[in-house]
2 protein chains.
Amino acid sequence: MSIEHSILAILSFWPSTGYNIKAEFEHKAAGLYWGMSYGSIYPKLKKLEEEGLIYPIEEEEEGRKKKQYELTPKGWKEFEKWLTLPPAYPVVKDELLMKMSTWHADMDDEVLINHLLKRKAVTEDLLGFVKNWPTNGTSYISDYGMLSIRYGELRLEAELKWIEESIHILEEKQLPNGQDPNGNTDKLIARRRAAIQSEEES
Amino acid sequence: MSIEHSILAILSFWPSTGYNIKAEFEHKAAGLYWGMSYGSIYPKLKKLEEEGLIYPIEEEEEGRKKKQYELTPKGWKEFEKWLTLPPAYPVVKDELLMKMSTWHADMDDEVLINHLLKRKAVTEDLLGFVKNWPTNGTSYISDYGMLSIRYGELRLEAELKWIEESIHILEEKQLPNGQDPNGNTDKLIARRRAAIQSEEES
DNA sequence: TTCCGCATGTAATCTGTTACATGATTAC
DNA sequence: GTAATCATGTAACAGATTACATGCGGAA
């Protein structure tokens, strides 16, 4: 339901083509908290036009054929209605955290450290982008957009801090003590070893 | 591809039923960075059994019929292979950030503040959970799991800080200045008003 | 006796991506 | 001249959710 509205939101900035909308999520600030592919965009543009929320602006052929879309009055209304609707709490799907939570003593910590280093590289890139973007002199950020950018900054800094902290802990082999009233960690290792052994015997 | 592996990961802790796996994501720490529904879980359990990665433990009928699954040697291997594979950088879809970025001067700031207050309430709940969980005396967290929990703590604290900062800025009407070399903010408001007016005239 | 939590499962549906097809224009 | 970027679009598929159907056991 929200892809449509995100498209309307992008079009509220300025009339855009499908290609352009994709670029907005690929190379620009919007990509920090949303994304979509061509396979979604073009069919949705068609649908939004059919519903009378957007209309194509016929270009006076500057060479390339392209179809820019603009919001209709109905489109503006729908966009703003969406803005006032309470947003859903973001759904997180974080494979690294999932893996880390189920890591165990028979695994090699070096591998986990490597996962963290990869994550660190991307996070640093994004943080650089977020810090540079608002003052690069060319891109558009509204006053409200600055608050979103600030969110990215705080979140990425927190993440970076955690990554560095975690790598240090793993390297020094000074993991904090968990909570294990039923001795599950030991049971896990025992179950695993029993399984591996039963296989080797067969 | 990852739902299967998340199920294997949960089963690595201890043998579980489908209902149990769901509960793990619903009421426990794993829910902070992953989630899934029954409609995914049961068919996947069937599939994993067919592939020989898990097997059912027949319960000595303690009244209720239930089917607990345990990892096979092959299942342990697959799980650990997955652990060593570099995790994808998490995809973020944050409706609040999307809305905030495209908020504009003709909207009511109070509505945006309300969105932030709702977000704050949930974030505070989660933070309370994250802080309480590792010392509640009953739940299981491995030493590695503590690192994940720490991530949640840092991330949620950063988010809370940002929410409070943003509410304050909006209440005092002291938004920072964005970057707008082409006067897009004015153009946006003009396009919008023209659209609304053209409709009223018709 | 009624409701809630435990427990399993499927069918219909939705939502979105990947991969492909096609072609023009621009920069090197 | 050739690689990259601009540009539109579709078909097949993947992935997951919602809603439903079913039923037991324990608590109030």
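The figures here come from the full heavy-atom set of this structure, side chains too, leaving out hydrogens, waters and symmetry mates. Labels below follow one simple rule: chain letters A, B, ... track the order of the sequence lines, proteins then strands, and each chain is numbered from 1.
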Nearest whole Å is fine: how far is C:dT8 P from B:I57 CD1?
13 Å

Pairs satisfying salt bridge (Lys or Arg N to Asp or Glu O under 4.0 Å), at least one member in residues 181-190 of chain A, at least two apart
none

Does the distance from a Lys or Arg side-chain N to an Asp or Glu carboxylate O, for B:E153 and B:R150, drop under 4.0 Å?
yes

For the residue pair A:T135 and B:Q179, confirm or rule out a side-chain donor-acceptor distance under 3.5 Å.
no

Could you state the interatomic distance from NZ (A:K28) to CG (A:N20), rounded to the nearest 0.5 Å?
6.5 Å

Estimate the overall bend of the helix from C:dT1-D:dA28 to C:dC28-D:dG1 from the end axes over five pairs each, rounded to 10 degrees.
30°

State whether the side chain of B:S139 and the backbone N or O of B:W133 hold a donor-acceptor pair below 3.5 Å, judged by distance alone.
yes

Rounded interatomic separation in angstrom, taking CD1 from B:I7 and P from D:dG15:
13 Å

List, with names and distances, any nitrogen or oxygen atoms from the protein found under 3.5 Å away from nitrogen or oxygen atoms belonging to nucleotides 8-12 of chain D.
unit_1	atom_1	unit_2	atom_2	d
D:dT8	OP1	A:K67	N	2.9
D:dT8	OP2	A:G18	N	3.4
D:dT8	OP2	A:Y19	N	3.0
D:dT8	OP2	A:Y42	OH	2.7
D:dT8	O5'	A:Y42	OH	3.3
D:dT10	OP1	A:K46	NZ	3.2

Expressed in angstrom and rounded to an integer, what is the separation of A:K22 atom NZ from C:dG16 atom C1'?
12 Å

Check the angle between the aromatic planes of B:W162 and A:Y151 and answer parallel, tilted or perpendicular using the 30° and 60° thresholds.
perpendicular

Can you check the A:E4 CD to C:dG16 C1' distance for me, whole Å?
11 Å

Assess whether a salt bridge exists between A:K74 and A:E51, defined as any Lys/Arg side-chain N lying under 4.0 Å from an Asp/Glu carboxylate O.
no

Given atom CD of B:E26 and atom P of C:dC6, what is their separation to the nearest angstrom?
11 Å

At less than 4.0 Å, is any side-chain N or O atom of B:S40 found next to OP1 or OP2 of D:dA16? Yes or no.
no

Quick one: do A:D94 and A:R119 make a salt bridge, cutoff under 4.0 Å?
yes

Please report, rounded to the nearest Å, how far the C1' atom of D:dT17 is from the CZ atom of B:F25.
16 Å

Atom-pair distance (CD on A:E24; P on D:dC6), nearest Å
13 Å

Return the value, rounded to whole Å, for the distance between atom NZ of B:K44 and atom P of C:dT8.
18 Å

Look at the rings of B:F79 and A:H104 and say which category their plane angle falls in: under 30° parallel, 30 to 60° tilted, over 60° perpendicular.
tilted

